[in-house]
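Notes for the one structure printed next.
Note that the coordinates shown come from a computational prediction; the quantities given were computed from them, not determined experimentally.
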Amino acid sequence: MWRDVGLVGVGGAIGTALRAGLTLGFGDGLGSALVPLINIAGAFLIGILFGWRSRMPASSRAQRVQLFLGTGVLGGFTTYSALAVEAAGPGLLWWGIGSVVLGTGAAWGGLMLGRGGRRQR
């Protein structure tokens, strides 16, 4: 159990550092578009991971990979809290709604890709 918590924590630190690096490197050029782009890309990658995971046999190792990469790295990489703050400004509610809709579509597309294009019940 504590190993799982550690995997999520280390993964979250890595994902947060990746996001911070992108923000420092591209924040000036992309401005407020960077947060939704990060979230949509992260949602797509989470979809791929969970789709891939659904094709794998159940094992504690696969579960730990999912915790580290999905919950940790990609959970730390995406930043819906920052999106909520940005969308709270006057006239920007559409920005938040659009990002959530596109992120959901990206997660679905990633899930289908990770599953190999097959729907599972």
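Although no hydrogens or angles enter the test, the distance criterion places a donor-acceptor pair under 3.5 Å between the side chain of R55 and the main chain of G114.
When hydrophobic clusters are built by joining Ile, Leu, Val, Met, Phe, Trp and Tyr residues whose side-chain heavy atoms come closer than 4.5 Å, directly or via intermediates, L74 is not grouped with I40. Transitive grouping of hydrophobic side chains (ILVMFWY, heavy atoms separated by less than 4.5 Å) brings F50 and W108 into a common cluster. Residues F44 and L102 are members of separate hydrophobic clusters, defined by side-chain heavy-atom contacts under 4.5 angstrom among Ile, Leu, Val, Met, Phe, Trp and Tyr. The same ILVMFWY cluster, assembled from side-chain heavy atoms under 4.5 Å apart, contains both L22 and L69. Residue V100 is grouped with residue V35 when hydrophobic side chains (ILVMFWY) are merged at heavy-atom distances under 4.5 angstrom, including chains of intermediate members.
In this structure the side chain of W52 never reaches within 4.5 angstrom of the side chain of R115, judged on heavy atoms.
Remark: L7 pairs with R3, D4, R64, F68 by the side-chain contact (heavy atoms from CB on, under 4.5 Å) rule, at least two apart or across chains. The side-chain contact (heavy atoms from CB on, under 4.5 Å) check on R19 picks up T16, T23, I38, F77, T79, with sequence neighbours excluded. For L30, the side-chain contact (heavy atoms from CB on, under 4.5 Å) test picks out F26, L34, L37, with sequence neighbours left out.
In terms of heavy atoms, A33 sits closest to P36 at O-CD, 3.3 Å.
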